[in-house]
2 protein chains.
Amino acid sequence: MPTMTAAQRREQARAEYDAFIKGCPTNQLLDRLSDKWVSLVVAALSTGPMRYSDLSRKIAGVSPKMLTQTLRSLERDGILTRTVTPSVPVRVDYALTPLGSSLAGLLTAVKAWAETHIEEVHEARERYDGTTD
Amino acid sequence: MPTMTAAQRREQARAEYDAFIKGCPTNQLLDRLSDKWVSLVVAALSTGPMRYSDLSRKIAGVSPKMLTQTLRSLERDGILTRTVTPSVPVRVDYALTPLGSSLAGLLTAVKAWAETHIEEVHEARERYDGTTD
DNA sequence: CGGAATCCGACCAGATACTG
DNA sequence: CAGTATCTGGTCGGATTCCG
């Protein structure tokens with residue numbers, strides 16, 4: 001009696017999909033890139049190591065919480081390293097790993113694409129928005 | 001007296017940052033890519049045009065709402081085209097534009113990077129998670 | 001079949017305040 | 001200086017329902 005079968009089928013499809021995602025490297029990476037702060041942090045560090053407060057200042061709009069959270073996940077993924085120097089005021093430096101650098105290279109490629117094609121996108125948008133005819 | 005100056009400074013930094021974002025093509029593009037369904041739709045269409053229900057089936061975990069929403073924004077951005085065939089049951093086909101195809105190419109590059117380096121990420125994660133010492 | 005509208009819950013993200 | 005903890009609210013995403 002398929003009374004709530006619809007929901008169950010959805011759920012099952014979701015589970016399968018989820019399992020599929022787990023084994024899919026692309027999606028995991030995409031998950032990282034989809035974090036808006038990730039790209040900014042990586043970009044900021046691509047010119048060299050920075051301290052926590054430097055990052056906080058350079059990125060500006062970020063809250064301490066999000067910055068820490070982002071740095072943590074990137075550190076966990078081996079994208080960057082966290083170095084604590086126990087001086088009188090504690091000093092923490094963040095730097096890209098080789099892996100992180102290659103990711104930065106990828107982001108550069110994305111950026112290049114964006115700058116090349118953004119115009120077309122804008123035109124398409126105006127065309128779509130001015131849906132006069 | 002700086003009682004609430006902290007909040008105001010945050011707000012101002014946020015405004016500047018926001019303005020910066022507006023003019024930044026990279027970020028606009030990143031916004032698109034950060035939508036988890038976008039990549040899946042583009043990937044699905046990269047092998048050829050598909051109907052709405054085909055996409056719905058192929059992507060599996062997506063709800064009608066999100067699928068439509070994703071397709072709309074992609075259509076608006078000129079990434080894909082929407083073709084309605086007014087037969088008895090309405091038929092709608094979606095296909096990538098040349099712009100969309102080039103985006104698909106970019107996603108392929110990202111995918112390649114992911115598959116190349118995912119192993120390192122996994123190792124880094126296990127090393128980080130097994131925080132024994 | 002293809003889609004729109006509504007409702008609602010879950011999660012994410014920010015602000016604030018406090019600690020080492 | 002470099003975080004952490006908590007609360008809160010806004011947005012996203014899903015389920016449901018109904019229309020062309």
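Labels below follow one simple rule: chain letters A, B, ... track the order of the sequence lines, proteins then strands, and each chain is numbered from 1. The figures that follow rest on heavy atoms only: side chains count, while hydrogens, waters and symmetry mates do not.
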### Query
So, are A:Asp54 and A:Arg51 salt-bridged, with charged N and O less than 4.0 Å apart?
no
### Message
Between B:Arg82 and B:Asp93, does any side-chain N to carboxylate O distance fall below 4.0 Å?
### Response
no
### Task
For the pair A:Ser87 (side chain) and A:Val90 (backbone), establish whether a donor and an acceptor sit closer than 3.5 Å, ignoring hydrogens and angles.
no
### Summary
So the ring pair (Phe, Tyr, Trp, His ring centres under 6.0 Å) pairs with at least one residue in residues 78-109 of chain B (sequence neighbours excluded) are none
### Query
C:dC1, C:dA13, D:dA15: which one has an atom nearest the side-chain heavy atoms of B:Ser63?
D:dA15
### Query
What integer distance in Å separates A:Leu55:CG from D:dA2:P?
9 Å
### Under 4.0 Å protein heavy-atom contact, by nucleotide of nucleotides 2-8 of chain C - B base, S sugar-phosphate only
SSS--B-
### Query
In whole angstrom, what separates B:Lys36's NZ from D:dT11's C1'?
15 Å
### Query
Can you check the A:Met66 CE to D:dA5 P distance for me, whole Å?
16 Å
### Message
When you compare the side chain of A:Asp77 with that of B:Arg125, does any pair of heavy atoms fall below 4.5 Å?
### Response
yes
### Task
Could you check how far CD of B:Gln69 sits from C1' of D:dA15, rounded to whole Å?
15 Å
### Query
Who are the side chain to side chain contact (heavy atoms under 4.5 Å, CB included) partners of B:Thr116, not counting sequence neighbours?
none
### Query
Looking at A:Trp37, does any N or O in its side chain come under 4.0 Å of the phosphate oxygens OP1/OP2 on C:dC12?
no
